[in-house]
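Just so it is clear: chains get the letters A, B, ... in the order the sequence lines come, proteins before strands, and each one is counted from 1.
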Amino acid sequence: MVLLSPAFGFMLVALLVPFGILLLMSLWTAQGFGFDTSLTLDNYRQLLERPIYGALMERSLSISGSVTIATVILCYPMAYYVAFHVHRNKMIWLVFITLPFWTSYLLRVFAWKVVLGYEGVINSGLMSLGLIEAPLEFLLYSQSAVVITLAHAWAAFAILPLYVSLEKIDKSLLEAATDLGDGPVARFMRITLPLSLPGVISASLLIFIPTTGDYITPALLGGPDGAMIGNLIQKQFGPINNWPMGATLAIVLMLCIAVVSGIFILLTMLVRRRIS
Amino acid sequence: MSGRGFNKPSRSLRLYSLIFLFVLYVPVLFLPLFSFNDSIYVKFPLTGFTFEWYGELFEREPVWNALMNSLKVGISVSVLSTVMGIFAAKAITRYRFPGRGPAVGFIMLPLVVPLIIFGVALLVLFSRMGVSLSLYTVAMGHLIVCLPFSVATLIPRFEGFDKSVEEASSDLGENAFWTFWRVTLPMVFPGVVASLILTFTVSFDEFIMAFFLSGSEPTLPMYIWGQLRFPKEFPSILALSSIIIAVSFLLIFISQWINRGAHVTSVKGD
Amino acid sequence: MTQNAFISVRNIDKHFGAFQAVNGASIDIGHGEFFSLLGPSGCGKTTLLRMLAGFEAPSSGEILIDGQPMTDVPPNLRPVNMVFQNYAIFPHLSVRDNIAYGLRKQKLSREKRYEMVDEMLDLIKLPGYGERRSHELSGGQRQRIALARALILRPKVLLLDEPLGALDKQLREQMQLELRALQQTVGITFVFVTHDQEEALTLSDRIAVMSGGHVLQIDTPRGLYEAPNSRKVASFIGTMNFFDAQVLGAEGGHFVVETQGLGKLRVPSAGRNLAPGDKVEVAIRPEKLTLSDHKPDQSDGAVSGELENAAYLGERSHYFVRLPGVEQPVAVSAQNSEGATSQVNANTHTWLNWSESAIVLIGKE
């Protein structure tokens with residue numbers, strides 16, 4: 001207990017106290033350069049009344065929802081391959097898959113800007129090959145640019161929980177299913193997929209939650225159509241200088257994530273019961 | 001021969017995986033590619049090979065300052081986070097106590113909360129406490145980010161060896177401190193080194209927390225962010241980014257390699 | 001037997017890289033037989049079973065089941081089902097869904113399926129267990145459910161991979177009896193893999209003894225025990241005393257041999273073709289030897305020796321007798337029945353007696 005206390009105590013202080021103050025501040029209002037510290041739900045009311053907030057929140061959730069679905073679907077076969085078809089050097093595969101995840105997020109986003117930019121790799125490459133006349137404009141500053149970049153940035157992280165849950169599946173269960181008459185597809189649907197659902201759930205949450213609040217990617221690649229709620233929060237603490245509103249948005253973002261994640265977990269549990 | 005086909009290696013799956021890996025690395029590899037390009041514009045066709053952008057970096061005082069700032073923060077964060085992580089991992093794996101599960105979950109929390117929320121929450125806290133933003137506040141933020149990685153790296157190491165080895169040491173007359181020093185620490189040492197390198201790299205590369213919490217002294221990622229507004233700075237930023245990415249890859253690869261025995265189970269963050 | 005064998009394993013080889021797991025195995029198994037593959041671990045018995053199931057493909061040779069070549073039939077389409085060593089109960093399914101797992105393709109109504117599952121649950125004596133989950137089951141219950149899950153599909157052959165290995169001794173003995181009774185009830189051919197010779201003897205109609213990838217002998221339990229064809233088989237099943245010997249001549253269905261330790265003996269020739277001067281071995285089971293204080297009046301053979309050691313084991317005792325010119329002491333096993341001469345002291349003179357029919361002739365390897 002004594003041993004745990006430094007780490008635990010630090011987290012307690014570093015997480016709970018700021019959250020408390022954040023919550024408190026969301027009940028204040030901005031007044032010039034200072035705050036009106038009388039408690040009011042004014043910020044929350046504004047949030048409901050002005051459609052821009054709701055729209056931005058909705059867009060954030062739908063962008064990170066798309067990112068989550070795309071990433072999990074793209075990563076699953078990769079994790080499956082390493083878990084079932086790589087017999088030697090599994091470790092090397094895993095290291096190479098996860099390596100990019102640990103390197104600077106900012107630089108990886110920057111790299112995509114270089115790739116997708118107006119005069120970036122794709123456009124200038126295609127143009128010098130003579131395949132297109134003018135740069136393709138939809139690549140940069142769009143929601144799809146944000147989705148591609150986020151999916152790419154988080155893919156390495158999604159692989160790990162998927163891999164762990166697939167690796168844990170006892171191979172004799174697969175043999176038993178085959179022995180009882182299942183072909184490869186039926187076996188996958190009836191045994192492999194349901195048994196790897198915990199990994200799918202953790203991978204989904206591990207992607208969905210951080211990407212919903214992301215602001216670097218939209219700021220660098222999203223343009224006006226690709227802005228997310230994170231950008232607005234950042235602006236409230238920066239140029240707009242309305243901290244109480246920023247605090248309110250952060251609190252609401254957390255609530256939204258919690259609700260969506262909760263619904264998602266419930267749904268997967270229902271599906272799981274249906275399968276079995 | 002389909003009778004042979006139960007565990008047949010799948011060609012298409014292998015091809016998919018190789019493409020996957022390729023796509024994972026390619027965007028990042030464009031940074032070094034263009035950093036050697038003899039043109040101020042980051043576009044094809046390449047015009048010529050040059051070290052000019054790298055040379056120019058060495059002339060810039062702000063780059064050196066930012067590097068020193070990042071090193072200061074990175075080293076202190078990695079040491080603090082690893083030391084806390086060792087104690088936490090030992091407590092988590094060796095003792096059963098009420099509330100153990102939730103306590104672990106709480107430490108892992110930063111893995112599943114958007115960092116922007118931690119960033120603004122700490123910003124609000126510091127400003128209310130009248131603490132001015134500095135490298136200390138950045139380090140504080142990075143510690144939150146790094147501690148879960150330390151704990152997740154170290155737990156499998158502690159789980160990986162038998163408690164009776166420690167008991168044997170105390171049976172042979174060593175007290176708790178010397179048992180830890182002579183038995184426990186050497187056995188978890190690969191995990192400790194991996195945690196130090198990993199957390200250093202995470203802190204060194206971290207941007208989101210630094211964005212909200214740094215004052216007048218920028219870290220390297222903050223410096224890069226500042227320069228991104230100026231297209232004419234792109235080539236030197238590419239050179240700087242290439243160096244950072246190369247060093248990060250190398251460090252992470254070393255840390256994962258040292259700790260390879262525990263890699264698979266080190267993902268407890270779910 | 002080759003013509004009407006139900007399962008025919010023909011000259012199967014199996015290589016894993018440089019390692020040869022199965023070497024020229026040929027086995028015929030009759031319909032409705034309880035057939036065991038017996039041997040130490042690594043002898044190739046499990047590999048052979050997995051080739052029957054279709055999880056491994058033979059490197060060369062052929063397997064026929066009910067006259068059909070199995071080479072191109074994938075495991076999911078073979079008329080065989082398997083009980084796995086660890087039972088492989090699906091953890092995400094209830095007992096009922098586990099047992100009904102293979103019925104999917106038969107497109108039965110839910111009622112019909114449940115009815116069939118309930119019948120199986122009755123058969124394996126676990127009525128009312130349908131809703132349980134695998135983690136709520138004991139080892140013995142899992143084993144029965146694995147059996148039910150395979151048997152509900154009415155396979156032509158049931159393959160069992162050491163299914164009793166994970167159970168404790170008492171439960172294992174009980175399950176042996178149940179398994180034998182179950183096989184007789186359902187009348188399905190069982191192919192059973194085990195390394196436990198007692199288990200194989202108890203359960204099987206016939207046994208194939210394997211070692212190092214080779215099939216050494218295929219016979220009934222009695223045949224294997226009474227007439228092992230090699231030193232390996234003889235020593236793997238039960239205990240055996242061996243003596244070097246040399247053929248002196250043939251004499252009306254018998255060979256006369258000069259043995260080291262037991263003197264001149266007449267042994268049944270059992271169809272063997274041996275010439276005078278050939279080196280052979282003769283063997284005799286410890287329980288077929290008796291001890292006596294004096295040279296017996298009536299006996300096919302007797303030699304005297306020194307009683308070296310005795311071990312009391314409750315229902316029986318083991319004695320070790322040193323014979324002149326024999327390196328290993330000869331083991332003798334005697335029932336400790338009422339009135340038996342159980343009081344034998346070590347280092348005393350004793351006589352070893354046997355009857356001629358108990359001597360087994362084994363070719364020199």
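Contact annotation for A/Val114: only side-chain heavy atoms (C-beta onward) come within less than 4.5 Å of a heavy atom of chain B. Looking at A/Ile257, the atoms closer than 4.5 Å to chain B (heavy atoms on both sides) all sit in the side chain, from C-beta outward. Only the side chain of A/Leu106 comes within contact range of chain B, judged by heavy atoms closer than 4.5 Å. Heavy atoms of B/Phe126 lying under 4.5 Å from chain A are absent altogether. Looking at A/Met254, both its backbone and its side chain come within 4.5 Å of chain B, counting heavy atoms on both sides. Both the backbone and the side chain of A/Tyr81 come within contact range of chain B, with heavy atoms under 4.5 Å apart. Within the 4.5 angstrom heavy-atom criterion, atoms from both the backbone and the side chain of B/Met140 approach chain A. The contact between B/Phe253 and chain A is made by backbone and side chain atoms together, counting heavy-atom distances below 4.5 Å. Heavy-atom distances place the side chain of A/Ser128, and not its backbone, under 4.5 Å from chain B. Neither the backbone nor the side chain of A/Ile207 comes within contact range of chain B; no heavy atom of the residue lies under 4.5 Å from a heavy atom of that chain. For chain A, the nearby part of B/Phe212 is the side chain; its heavy atoms alone come within less than 4.5 Å. With a 4.5 Å cut-off on non-hydrogen atoms, A/Thr103 touches chain B through its backbone and its side chain both. Residue contact with chain B, scored on non-hydrogen atoms closer than 4.5 Å, is absent for A/Leu126. When heavy atoms are compared at a cutoff of 4.5 Å, A/Ala153 does not approach chain B at all. Neither the backbone nor the side chain of B/Ser150 comes within contact range of chain A, judged by heavy atoms closer than 4.5 Å.
Taking chain A as the reference chain and counting heavy-atom pairs below 4.5 Å, the highest number among B/Ile245, B/Val247, B/Leu143 is found for B/Leu143. When A/Gln236, A/Met127, A/Met78, A/Lys90 are compared by the number of non-hydrogen pairs under 4.5 Å with chain B, A/Met78 comes out ahead. When the candidates A/Leu129, A/Val121, A/Val115, A/Leu22 are compared by the number of heavy-atom contacts under 4.5 Å with chain B, A/Val121 comes out ahead. Of all the listed residues (B/Ile244, B/Leu220, B/Ile116), the one sharing the greatest number of non-hydrogen pairs under 4.5 Å with chain A is B/Ile116. Your options are B/Val28, B/Leu147, B/Val83, and the one with the most heavy-atom pairs under 4.5 Å with chain A is B/Leu147. Most heavy-atom pairs under 4.5 Å with chain A, from the set B/Thr201, B/Val202, B/Leu228, B/Ile86: that is B/Leu228. Here A/Tyr215 is the residue among A/Tyr80, A/Tyr215, A/Phe208 with the most heavy-atom pairs under 4.5 Å with chain B. Contact count versus chain B (heavy atoms, under 4.5 Å) is highest, among A/Gly230, A/Ala250, A/Pro100, for A/Pro100.
In terms of heavy atoms, B/Pro114 sits closest to A/Gly213 at CB-CA, 4.0 Å. Closest non-hydrogen pair, B/Leu24 versus A/Ala155, comes out as CD1-CB, 4.1 Å. The two residues B/Arg128 and A/Met25 have their closest heavy-atom pair at CD-CE, 4.1 Å. Considering all non-hydrogen atoms of both residues, A/Phe19 and B/Ala121 come closest at N-CB, 4.4 Å. Nearest heavy atom pair, residue B/Ser241 against residue A/Leu107, reads OG-CD2, 3.3 Å. Considering every non-hydrogen atom in both B/Asp205 and A/Ser104, the closest pair reads OD2-N, 3.0 Å.
Aromatic ring pairs are classed by plane angle as parallel below 30°, tilted from 30° to 60° and perpendicular above 60°; the pair B/Phe149 and A/Trp102 is perpendicular.
Note that the CD1 atom of B/Ile208 and the CD atom of A/Gln234 stand 11.0 Å from one another [nearest 0.5 Å]. Atoms OG and CZ, on B/Ser81 and A/Phe10 in that order, are 9.0 Å from each other to the nearest 0.5 Å. The OG1 atom of A/Thr98 lies 8.5 Å from the CD1 atom of B/Ile252; values are rounded to the nearest 0.5 Å. Interatomic distance, A/Ile233 CD1 to B/Ile117 CD1, rounded to the nearest 0.5 Å: 6.0 Å. Interatomic distance, A/Lys113 NZ to B/Leu31 CG, rounded to the nearest 0.5 Å: 13.0 Å. Taken to the nearest 0.5 Å, the CD1 atom of A/Ile21 stands 11.0 Å off from the CG atom of B/Leu123.
For B/Phe22, the CZ atom is loosely surrounded, since the number of other residues' heavy atoms within 6.0 Å does not exceed 12. With a 6.0 Å radius and a threshold of 12 heavy atoms from other residues, nucleotides or ligands, B/Tyr136 has its OH atom at or below the threshold.
Under the 3.5 Å distance criterion, the side-chain polar atoms of A/His152 are matched with a main-chain donor or acceptor of B/Val23. A donor-acceptor pair under 3.5 Å links the side-chain atoms of B/Tyr25 to the main chain of A/Phe96, judged by distance alone.
B/Phe20 has its side chain within reach of A/Ile159: a pair of non-hydrogen atoms, C-beta onward, lies under 4.5 Å apart. No side-chain heavy atom of A/Val82 sits less than 4.5 Å from a side-chain heavy atom of B/Ser17. The closest side-chain heavy-atom distance from A/Leu15 to B/Phe118 is below 4.5 Å.
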Applying side chain to side chain contact (heavy atoms under 4.5 Å, CB included), run through A/Leu220 and B/Trp225 and close with a yes or a no.
-> CA-CA 10 Å; A/Leu220 282 177; B/Trp225 172 261; 4.0 Å; yes
For side chain to side chain contact (heavy atoms under 4.5 Å, CB included), just list the numbers for B/Phe234 and A/Phe110, CA-CA rounded to whole Å, side-chain angles, deciding distance to a tenth of an Å, and then say yes or no.
-> CA-CA 10 Å; B/Phe234 259 35; A/Phe110 175 49; 3.9 Å; yes
Take A/Trp243 and B/Val120 through the test side chain to side chain contact (heavy atoms under 4.5 Å, CB included) and record every step on the way to the result.
-> CA-CA 9 Å; A/Trp243 286 28; B/Val120 300; over 6 Å; no
